[in-house]
Participant: 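I have a structure I would like to understand better, so I am pasting it below and will then ask my questions one at a time.
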Amino acid sequence: MTELAKNYNPHATEKDLYEEWERRGYFQPQDHGKGERFSVLMPPPNVTGVLHLGHALENTILDIMTRYKRMQGYETLFVPGADHAAVATQARVEKNLIGSGAYTNPREELGREKLLALIRDFAEQSKSTITAQVRAMGSSCDWSRFAYTLDDTRAHAVTTVFEKMYRDGLIYRGYRVVNWSVKGQSTCSDDELEHHERTGTLYTFKYSKDFPFAIATTRPETKLGDTAVAVNPTDERYAQYIGKTFTVDVGAAKPLSLTIIADQNIDPAFGTGAVGVTPAHSMVDFEMYEKNPDIGIVPVIGKDGRMLPAAGAAYAGLTVAEARAKFVDYLRDNDLLISEEDVQQNVGTSDRFGDVVEVLPMEQWFVAVNKPIPGRDNKTLKDLMRDAVHDGVDGATTTITPARFTKVYDHWIDNLRDWCISRQVWWGHRIPVWYRGDEMVVSATRPDGDGWEQDPDTLDTWFSSGMWAFSALGWPDDLEDFRKYFPNTWMQMGTEIIFFWMARMILMATYVHGTVPFTDVYIHGILRDRDGRKFSKSLGNGIDPLDIIKDYGTDALRMALISDITPGNDARFSMDKVTDARNFTNKLWNIARYILSGTGNTAPAPIARTSADHWILARLDATITTVTDHLEHYRFAQAATALRDFTWNDFADWYVEVHKIEKNDALIRFVFRTLLALWHPFMPFVTETLFAHFRTDGHAAMLIIAPWPQPRAAQGAGDAETFVTVKNLITTLRNIRALYRLTPEQKPVLACDADLYPLATEHSDIIRRLARVERIMPEAEAATAGSAAVTTPRGSGALLLGSIIDVAAERARLEEELATARKLAADKQARLENENFTARAPQDVVAKERTLLAEAQRRAEELHNALNTLHA
RNA sequence: GGGUGAUUAGCUCAGUUGGUUAGAGCACUUCUCUUACAAAGAAGGGGUCAGUGGUUCGAGUCCACUAUCACCCACCA
């Protein structure tokens with residue numbers, strides 16, 4: 001017999017177990033002859049730092065599903081990885097370098113190669129930290145397949161797809177307006193902007209005294225680059241001017257030539273109903289320019305965030321803010337400014353560099369989302385992305401859980417513009433394009449001949465992570481896994497990444513492979529702190545998962561993370577949840593201690609003999625069914641709750657206690673082993689540790705590959721019901737004991753009516769011990785015994801005799817109960833007398849009500865009789 | 001401006017197609033160190049389901065409106 005310590009100590013085993021699972025190859029896909037596969041990919045954490053609780057939650061969710069499916073016999077693959085996170089990582093390293101005081105402008109001072117070397121070092125260090133953390137979480141992923149978005153295979157995937165898209169005309173180089181971070185000196189995509197509300201000023205002014213009407217703007221300085229004025233085509237005030245061109249001199253290098261154009265999107269009710277059009281510095285204005293190219297485009301702001309010479313000699317070189325003030329002064333001095341008014345506006349801010357983003361026209365690389373794809377029936381990338389979650393792409397669809405996010409995704413697609421994929425940071429996949437004079441070649445490698453220069457820019461990090469669904473499976477270098485596991489079975493991610501990542505993965509998979517990246521995707525909410533705030537550096541409320549693991553163990557952390565989570569909704573995390581979970585692991589541990597100390601490790605077929613045996617098996621069956629159903633629907637928290645309820649309330653509090661009286665060693669071991677299996681996906685370490693003590697010949701080598709439990713279609717439902725009656729009787733007796741403050745030594749006599757007596761005597765040992773009853777006798781004998789006080793447990797047909805009981809208090813208690821029972825009976829009666837109810841409600845509901853009425857009436861009668869006995 | 005979600009016990013949350021007297025964990029109260037566990041055991045108190053109106057024999061559950069909170073999208077310049 002192995003002696004277990006009094007309390008569970010996670011540190012003694014976690015590391016060794018993880019290594020043993022890995023060494024035995026259980027993390028690698030194994031064919032169990034089931035012929036079905038389950039493949040998931042880890043959302044690759046950014047190599048910008050360390051894992052936080054959000055990552056820990058994702059890994060827990062992924063690992064629960066993976067372990068569950070593995071136990072069900074699926075050939076299971078869980079691929080781990082890391083993301084180079086282009087802009088984010090470079091921004092982080094640059095910030096560190098500047099923060100250290102050694103550099104003020106790392107890009108200039110170090111140059112491309114040296115800075116890249118520093119970033120690479122940082123990324124490698126971060127990567128090893130992250131993988132250690134993922135291991136500590138217990139994630140059963142296949143490390144031999146570890147994928148990094150910047151390694152050779154993934155780089156190959158990127159260049160392959162880039163070339164294919166270029167050939168198909170979906171990637172193009174164009175002069176268009178883009179979001180430009182002055183601080184980061186790089187473009188960013190629309191999705192990388194955070195919109196912050198702030199108060200701005202809406203200026204209403206006229207371009208000149210001669211100009212026929214006024215316009216309104218919050219960006220006066222950009223008016224130096226206006227090339228048109230737009231009005232709504234239905235606006236009668238301006239109809240006469242549409243098509244006319246006015247020349248005004250506002251101080252720019254050249255007088256502005258303003259054509260009045262009509263545009264549906266102009267709101268006649270806002271401002272003056274007329275808008276100055278600045279194609280170079282506004283996304284919507286640029287779109288107007290695309291429709292009316294004749295108006296021209298005049299950039300007046302440069303990459304450094306300062307005014308260009310085109311803005312005029314007085315403005316060139318000024319910052320945007322300085323130019324704004326100066327231009328407003330000009331308007332005021334010349335009596336052109338009509339009004340100033342505070343307005344709330346949203347400004348786009350770079351999420352990585354933190355500065356307000358300028359819109360500038362530049363030569364950049366784009367993915368065309370609205371262009372027909374050759375050989376795809378005129379479908380565009382947008383069409384494919386929409387089809388993936390609706391009609392299907394070549395018969396394949398992705399199902400989003402919860403379904404409401406499908407609408408969010410649709411809406412995003414509707415508003416999608418061409419995707420700017422070139423970035424001016426250095427950390428990332430370099431654009432596979434080469435230039436020599438006017439020549440341009442798209443190629444992963446330098447073309448033959450001298451003088452070729454590669455495009456200095458890199459690709460948006462989401463261009464490579466968009467391929468994760470297949471590049472992580474080895475495509476295009478090694479197609480074995482790809483053929484076997486693609487599309488992936490499942491994916492999970494947070495709400496905040498639906499557009500960035502899920503949409504791009506769908507784009508890439510549907511375009512490159514004509515199918516979806518994964519069949520099902522589960523969206524989880526954000527993890528917040530106990531007060532509902534987001535975890536953030538600035539709030540200082542971050543928690544390192546490793547700290548919790550150190551103090552409470554991985555299983556406790558995993559359980560705490562998934563407690564109370566529901567699909568798509570945010571959840572709160574608190575240390576209370578961790579201690580609760582830790583307490584539970586200890587509970588499981590101590591149940592094991594009891595069983596190990598009290599039973600032998602033989603494994604005969606478990607046979608139910610007593611009513612308690614039948615009851616626990618029935619409850620176990622129901623629990624298996626419930627937990628399996630919850631897991632199939634990704635209801636992780638509810639699955640764990642159902643299991644906890646069974647483990648603690650049924651098994652520990654009742655069956656283990658009964659086992660101390662009526663031993664069925666084979667059965668208690670069977671139930672506990674089954675429990676360990678059910679708990680394993682949630683708490684892999686404590687369950688595997690305990691399994692080693694319960695394993696006998698014929699069981700799996702380790703719990704991680706043990707079969708997922710199946711209901712046994714337990715027999716003896718009647719016996720199980722009998723035990724429920726006994727259990728209720730005991731609870732009631734205990735209730736009365738507590739009510740009258742009986743000490744453990746005070747043991748009353750239990751008198752039962754004719755119905756209950758046989759059952760009570762049959763379970764005499766259990767009742768006497770668990771309810772602390774002296775002895776059990778028939779009611780008839782009790783009546784003649786002349787005891788001083790009597791009590792009747794509710795609806796049980798039993799009396800408790802003993803001089804310790806307070807007759808007056810007991811009478812009050814019974815009267816209260818009687819009133820409750822009578823009210824219930826009256827309610828039921830009224831309902832059944834309602835013809836509408838009996839006629840329209842389903843028959844089974846009506847029958848149920850009749851049963852309940854009968855029960856309530858019976859109980860009222862019993863209580864009434866009990867009161868009479870009490871008086872006598 | 002458009003959209004989504006939330007509102008159930010002191011706290012954190014369940015409540016799957018409307019059908020018993022609305023549940024759990026924690027916290028709280030009382031009792032108990034009973035030889036698995038005080039990180040425990042036993043018993044108990046506590047909510048009318050944000051509000052209003054509606055549909056229905058029946059509403060926490062469906063519909064409408066209102067309130068509060070949270071989030072997403074959107075360069076009404």
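Everything numeric in this text was worked out from a predicted model, so none of it was measured. These values consider heavy atoms only, across backbone and side chains, with no hydrogens, waters or symmetry-generated copies. In what follows, every chain begins at residue 1, and chains take the letters A, B, ... in the order their sequences are listed.
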Participant: Work out how far the P atom of B:C62 is from that of B:G5, and round it to whole angstrom.
Facilitator: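 Looking at atom P only, B:C62 and B:G5 are 11 Å apart.
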Participant: Measure from the side-chain heavy atoms of A:N346 and tell me the nearest of B:A74, B:U21, B:A42.
Facilitator: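 Side chain of A:N346 sits closest to B:A74.
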Participant: Of the nucleotides B:C13, B:A77, B:A36, which has the atom closest to the A:T218 side chain?
Facilitator: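 The answer is B:A77.
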Participant: Between A:W679 and A:F584, is the ring centre distance below 6.0 Å?
Facilitator: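 Between A:F584 and A:W679, which both carry aromatic rings, the centre distance is below 6.0 Å.
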Participant: Would you mind reading off the distance between A:F636 atom CZ and B:C13 atom C1', rounded to a whole angstrom?
Facilitator: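 To the nearest whole Å, that distance equals 17 Å.
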Participant: Are there more than 12 heavy atoms of other residues, nucleotides or ligands under 6.0 Å from atom CD of A:Q264?
Facilitator: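 Counting neighbours around CD of A:Q264, 12 or fewer heavy atoms of other residues, nucleotides or ligands fall under 6.0 Å, so no.
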Participant: Quick one: which of B:C31, B:A77, B:G19 gets closest to the side chain of A:V845?
Facilitator: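 The closest nucleotide is B:G19.
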Participant: With a 3.5 Å cut-off and just heavy-atom distances, do the side chain of A:E657 and the base of B:A42 make a donor-acceptor pair?
Facilitator: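 Checked by distance alone, the answer is no.
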Participant: Quick check for you: among B:C37, B:C71, B:G19, whose closest atom lies nearest to any side-chain atom of A:A841?
Facilitator: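 Output: B:G19.
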Participant: Considering only side-chain heavy atoms of A:T731, which listed nucleotide, B:C73, B:A43, B:A36, is closest?
Facilitator: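 Of the candidates, B:A43 comes closest.
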Participant: Return the nearest nucleotide to the side chain of A:A738; candidates are B:A43, B:U21, B:A36.
Facilitator: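 The answer is B:A43, which lies nearest to the side chain.
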Participant: With side chains defined as the heavy atoms from C-beta onward, is the minimum distance between A:H281 and A:L360 less than 4.5 Å?
Facilitator: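 Yes, at least one pair of side-chain atoms sits under 4.5 Å.
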Participant: Nearest whole Å is fine: how far is B:A39 P from A:D576 CG?
Facilitator: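 Those two atoms, CG and P, are 15 Å apart.
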Participant: Closest approach to the side chain of A:D267, judged atom by atom: which nucleotide of B:C76, B:G15, B:A43 is it?
Facilitator: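 Output: B:C76.
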Participant: Rounding to the closest angstrom, what is the interatomic distance between B:U35 and B:A40 at atom C1'?
Facilitator: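 Here B:U35 and B:A40 have their C1' atoms 14 Å from each other.
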Participant: Using the P atom in both, what is the distance from B:U48 to B:U4, to the nearest Å?
Facilitator: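 Approximately 31 Å lies between the P atom of B:U48 and that of B:U4.
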Participant: Taking only the C1' atom of each, what is the distance from B:A9 to B:G54 in whole angstrom?
Facilitator: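 Those two atoms are separated by 29 Å.
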Participant: Give me the ring orientation class for A:Y207 and A:F205: parallel if the planes are under 30° apart, tilted from 30 to 60°, perpendicular past 60°.
Facilitator: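 Plane angle over 60°, so perpendicular.
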Participant: Could you tell me how far B:A43 sits from B:A59 if I compare only their C1' atoms? Round to whole Å.
Facilitator: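 These two C1' atoms come out 34 Å apart once rounded.
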Participant: Roughly how many Å apart are B:C11 and B:C28, using the P atom of each and rounding to a whole number?
Facilitator: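 Straight-line distance between the two P atoms is 15 Å.
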Participant: If you measure from the P atom in B:C63 to the same atom in B:U21, how many Å do you get, rounded?
Facilitator: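 Straight-line distance between the two P atoms is 24 Å.
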Participant: For the side chain of A:P842, starting at C-beta, report the closest nucleotide among B:A43, B:G19, B:C76.
Facilitator: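 The nucleotide sitting nearest to the side chain is B:G19.
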Participant: Which heavy atom in A:P279 sits nearest to a heavy atom in A:Y289, and how many Å separate them?
Facilitator: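 Closest approach of A:P279 to A:Y289: CB-CB, 3.6 Å.
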Participant: Considering only the C1' atoms, how many Å lie between B:G10 and B:G47, rounded to the nearest integer?
Facilitator: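 Approximately 11 Å lies between the C1' atom of B:G10 and that of B:G47.
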